[in-house]
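Let me begin by presenting the structure, written as C-alpha cells, before commenting on it.
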Amino acid sequence: MKFNLCRARKAAGLTQGELAKKIGVDIKTVGNWERENSYPNAEQVWNCAVALGCTPNDVLGWDSGRDGNGSQTLTAEEAEIVDCYRASAPQWQQNIAMTARAAAGESKKKAEDNLHAADGRKAANA
C-alpha cells in the first residue's frame with residue numbers, strides 16, 4: 001500500500017497539527033502515520049478524508065479505479081459495464097455475471113489454443 005496522507009494533507013493546505021486537532025488525535029500520531037510507522041484504523045481514515053475533503057481511497061493512496069492491490073484502472077467501456085451491472089436488478093446481475101464468465105472463459109480458451117498452435121509451428125520450424 002502507498003499511504004498518501006501527507007500528500008492529501010498538503011493538498012488540503014493543513015499542517016500536521018491542524019489535521020490532528022480536526023480528527024482528535026495527537027500531532028505525533030499524524031507524524032507516525034505519514035512516516036508509515038503506524039497506520040490509522042478505518043474510522044480514523046474516514047475522519048482524515050472528511051477533514052481533508054477527499055475520499056478514504058485518496059488517503060490510502062488507492063486510485064478510484066484500482067482495488068488497492070494495484071490492479072489496472074478500468075477503461076471507460078469497462079466502467080460503463082460495471083455501472084450498468086450495478087444499476088441492474090439482482091436477477092439481471094446474475095445473468096450478466098454468468099454471461100461475462102462464459103464469454104471470458106471461451107475467449108481465454110481460444111487464446112490458449114492459438115498460443116499452443118503458434119508454439120507448435122515454432123517447434124516445427126526449428
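Bear in mind the structure is a predicted one, so any value in this text is a computation, not a measurement.
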- Rounded to the nearest 0.5 Å, how far does NZ of K108 lie from CG of D113? 12.0 Å
- E112 atom CD: more than 12 heavy-atom contacts under 6.0 Å: yes
- Item | Q91 CD: over 12 foreign heavy atoms closer than 6.0 Å | yes
- Query: Atom CG in N37, atom CG in N32: separation rounded to 0.5 Å?
  - Reply: 5.0 Å
- Consider only side-chain heavy atoms of I, L, V, M, F, W and Y, link residues closer than 4.5 Å, and tell whether V30 and W46 are in one cluster. no
- Task: Any chance you could measure D26, atom CG, to Q16, atom CD, to the nearest 0.5 Å?
- Result: 10.5 Å
- Message: For a 4.5 angstrom cut-off between non-hydrogen side-chain atoms, does P40 reach F3?
- Response: yes
- Query: So do V45 and Y39 actually touch side chain to side chain, heavy atoms under 4.5 Å?
  - Reply: no
- On a heavy-atom basis, the closest approach of G13 and E18 is O-OE1, 3.9 Å
- Query: If we only count heavy atoms from C-beta on, is the K22 to V50 side-chain gap below 4.5 Å?
  - Reply: no
- Message: Under the criterion side chain to side chain contact (heavy atoms under 4.5 Å, CB included), I'd like the reasoning laid out for V82 against E78: C-alpha separation, chi angles, the key distance, then a yes or no.
- Response: CA-CA 6 Å; V82 170; E78 291 166 335; 5.6 Å; no
- Task: Any chance you could measure C48, atom SG, to N4, atom CG, to the nearest 0.5 Å?
- Result: 11.5 Å
- Please test E34 against R9 for side chain to side chain contact (heavy atoms under 4.5 Å, CB included), starting from the C-alpha separation and ending with a verdict. CA-CA 10 Å; E34 289 188 1; R9 176 183 58 77; 2.5 Å; yes
- Task: Mind listing the closest non-hydrogen atom pair of Y85 and Q93 along with its distance?
- Result: O-NE2, 3.0 Å
- Note on the structure: For A49 and P56, the nearest pair of non-hydrogen atoms, with its separation, is CB-N, 3.6 Å
- Task: Decide whether T55 and D58 meet the rule of one side-chain donor and one side-chain acceptor closer than 3.5 Å.
- Result: yes
- Message: To the nearest 0.5 Å, what is the distance between OG1 on T99 and CD on Q94?
- Response: 10.5 Å
- Query: Which distance, rounded to the nearest 0.5 Å, do you find between the CG of L5 and the CD of Q44?
  - Reply: 10.5 Å
- CA sep, side-chain torsions, deciding dist, call: C6, W33, side chain to side chain contact (heavy atoms under 4.5 Å, CB included): CA-CA 9 Å; C6 183; W33 292 344; over 6 Å; no
- Item | Test side chain to side chain contact (heavy atoms under 4.5 Å, CB included) applied to V25 and L19, step by step | CA-CA 8 Å; V25 299; L19 176 59; over 6 Å; no
